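Working notes for the structure below.
As the structure is a prediction and not an experimental result, all values here were calculated from the model.
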Amino acid sequence: MSKILITSALPYVNNVPHLGNIIGCVLSADVYARYCRSKGYECLYVCGTDEYGTATEIKAIEEGLSPAQICDKYHKIHKEIYEWFGISFDIFGRTSTAIHSEITQQIFLSLHKNGSIVEDSVEQFYDESAKLFLADRYIEGICPYCNYDGARGDQCDKCGKLLSPTDLKNPISKVSKTTPVLRKTNHLFINLPQTESELAVWIEKTSKEGNWSQNTTKIAQSWLKEGLKKRSITRDLKWGLKVPLTGYEGKVFYVWFDAPIGYISITANLTDKWKDWWMGKDVKLYQFMGKDNVPFHTVIFPSTLIGTKEPWNLVHHISTTEFLNYENGKFSKS
């Protein structure tokens, strides 16, 4: 009998979780975990707060606290809410741990050793009023694909396209409500084209074996059809996981690079036999999330693990949920 490893998408720590979080990835995973246990399967259900990045820095400024204090405050709130709902996590952890840093940096160094990391100079939006480089989600503008006015610098919630901030028309900083300017800065990128052929074979095989939904498979295949491109994995921030590479001492990892690794590190914070779950044979990984997280879990995170050339267990089945709507709009923290 296979071991069953279950994850719910890691909620971001900078606010109180809402019904969209519960419905989008927690209740369904909890039901499946309870089912597996009732059948006597060896099962592990992990989740936790995603704690690095600009959003935490901004929240800290708003509340007059340090980023670490913000994480402590809201991790406790998240944990208490899920306990109130009776969610049966085996562990509800967090990404701001020593083990998380260690595992993430080791994965990065493996990628770097294998030639999967490239360097490039890019233009990035800078908020002159707030005096900081802006994370993608802190830039809003008009989507170049569907003309939705309110698309973020990383994704358009209306048409679902993943974006770069420079793709937006009329970009505005969400921090100061001013127009940001472009400044050049050096960054590290994961070379996704290097693993594209191996990823394509894996998606074709696993989407059938794991019975992926039609929507999930289409999203993954659309990325392959367009051709994978290198993707930045570093940012100019203070609150984040440090990059262990000479010349990049002032940079941190982009939250979407380190956050999925949180599934692994949170497991490692629960048991010293975490490699049995993430590298052992006869383990099936079931991941639950909202549909906007599909590209990261079917393309970017698997490509990251494939690029290390280590025997990581990749996702077997993905369960995705449509957005929870409220008054004809997407239900969100705002």
Side-chain angles (χ1 to χ4, degrees), residues 6-34 44-101 104 135-138 152 154 157 174-175 237-241 252-256 258-270 287-290 292-293 296-297 321 323-327 329-334:
I6 301 168
T7 71
S8 288
L10 307 185
Y12 203 75
V13 79
N14 73 319
N15 216 317
V16 177
H18 57 77
L19 282 176
N21 295 122
I22 300 288
I23 291 170
C25 63
V26 175
L27 279 181
S28 49
D30 184 58
V31 168
Y32 186 61
R34 290 171 184 269
L44 201 62
Y45 178 24
V46 302
C47 189
T49 43
D50 172 13
E51 302 196 353
Y52 287 125
T54 303
T56 302
E57 283 192 351
I58 300 300
K59 192 69 172 180
I61 293 170
E62 289 175 357
E63 297 198 13
L65 300 171
S66 70
Q69 288 172 324
I70 284 290
C71 291
D72 289 343
K73 173 182 174 179
Y74 283 98
H75 173 78
K76 183 174 182 289
I77 292 172
H78 278 252
K79 194 170 186 296
E80 289 174 345
I81 287 174
Y82 292 127
E83 286 173 352
W84 183 87
F85 269 94
I87 304 302
S88 63
F89 300 124
D90 287 289
I91 180 174
F92 185 77
R94 55 199 306 188
T95 58
S96 60
T97 65
I99 290 178
H100 181 70
S101 297
T104 302
D136 301 348
R137 69 178 73 186
Y138 276 84
R152 300 191 312 270
D154 59 349
D157 282 342
K174 288 181 67 177
V175 178
L237 298 173
K238 293 179 180 178
W239 179 246
L241 206 159
V252 300
F253 286 118
Y254 178 36
V255 68
W256 261 114
D258 88 89
I261 298 170
Y263 298 127
I264 302 171
S265 68
I266 289 169
T267 308
N269 271 294
L270 175 66
Q287 297 198 287
F288 292 75
M289 68 202 69
D292 53 333
N293 286 346
F296 299 100
H297 289 76
T321 308
F323 296 134
L324 174 65
N325 291 326
Y326 177 73
E327 293 184 347
K330 176 187 172 187
F331 196 104
S332 68
K333 293 174 185 174
S334 59

Could you walk me through whether Y45 and Y32 satisfy the side chain to side chain contact (heavy atoms under 4.5 Å, CB included) test, starting with their C-alpha distance in whole Å, then the side-chain angles of each, then the deciding distance to 0.1 Å, before giving a yes or no?
CA-CA 9 Å; Y45 178 24; Y32 186 61; over 6 Å; no
Mind checking whether [X] and [Y] have side chains closer than 4.5 Å, heavy atoms only?
| X | Y | value |
| --- | --- | --- |
| W239 | I70 | no |
| V255 | Y12 | yes |
| T267 | I91 | no |
| I6 | F288 | yes |

Tell me if a side-chain donor or acceptor on T56 pairs with a main-chain N or O of E51 at a distance below 3.5 Å.
yes
Between D50 and P11, is there a donor-acceptor pair closer than 3.5 Å when you use the side chain of the first and the backbone of the second?
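Between the backbone of P11 and the side chain of D50 there is no qualifying donor-acceptor contact (under 3.5 Å).
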Which distance, rounded to the nearest 0.5 Å, do you find between the [atom1] of [X] and the [atom2] of [Y]?
| X | Y | atom1 | atom2 | result |
| --- | --- | --- | --- | --- |
| L237 | Y254 | CG | OH | 10.5 Å |
| E63 | K59 | CD | NZ | 5.0 Å |
| I22 | S8 | CD1 | OG | 9.0 Å |
| I261 | L10 | CD1 | CG | 11.5 Å |
| S66 | K238 | OG | NZ | 13.0 Å |
| I87 | L27 | CD1 | CG | 5.0 Å |

Taking all non-hydrogen atoms of both residues into account, name the closest pair between [X] and [Y] and its distance.
| X | Y | result |
| --- | --- | --- |
| G48 | I266 | CA-CD1, 3.8 Å |
| H75 | V13 | N-CG2, 3.7 Å |
| M289 | A9 | CB-CB, 4.1 Å |

Salt bridge between R152 and D136, side-chain N to carboxylate O under 4.0 Å?
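No salt bridge links R152 with D136.
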Any carboxylate oxygen within less than 4.0 angstrom of a Lys/Arg side-chain nitrogen, looking at R94 and D72?
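Looking at D72 together with R94, the answer is yes, because their closest N to O distance falls below 4.0 Å.
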Whether the T97 and N269 side chains hold a donor-acceptor pair (N or O, under 3.5 Å, no angle test) is what I'd like checked.
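Looking only at side-chain atoms, N269 and T97 do form a donor-acceptor pair, the distance falling under 3.5 Å.
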Apply the test side chain to side chain contact (heavy atoms under 4.5 Å, CB included) to residues Y52 and E57: give CA-CA distance (whole Å), side-chain angles for both, the deciding distance (0.1 Å), then the verdict.
CA-CA 8 Å; Y52 287 125; E57 283 192 351; over 6 Å; no
As a quick check of understanding, evaluate side chain to side chain contact (heavy atoms under 4.5 Å, CB included) for T104 and T95, giving each step before the final call.
CA-CA 10 Å; T104 302; T95 58; over 6 Å; no
Pair H297 + Y263: ring centers closer than 6.0 Å:
yes
Run the ring-ring contact (aromatic ring centres under 6.0 Å, His included) test against Y82 and tell me which residues pass, sequence neighbours left out.
F89, F92
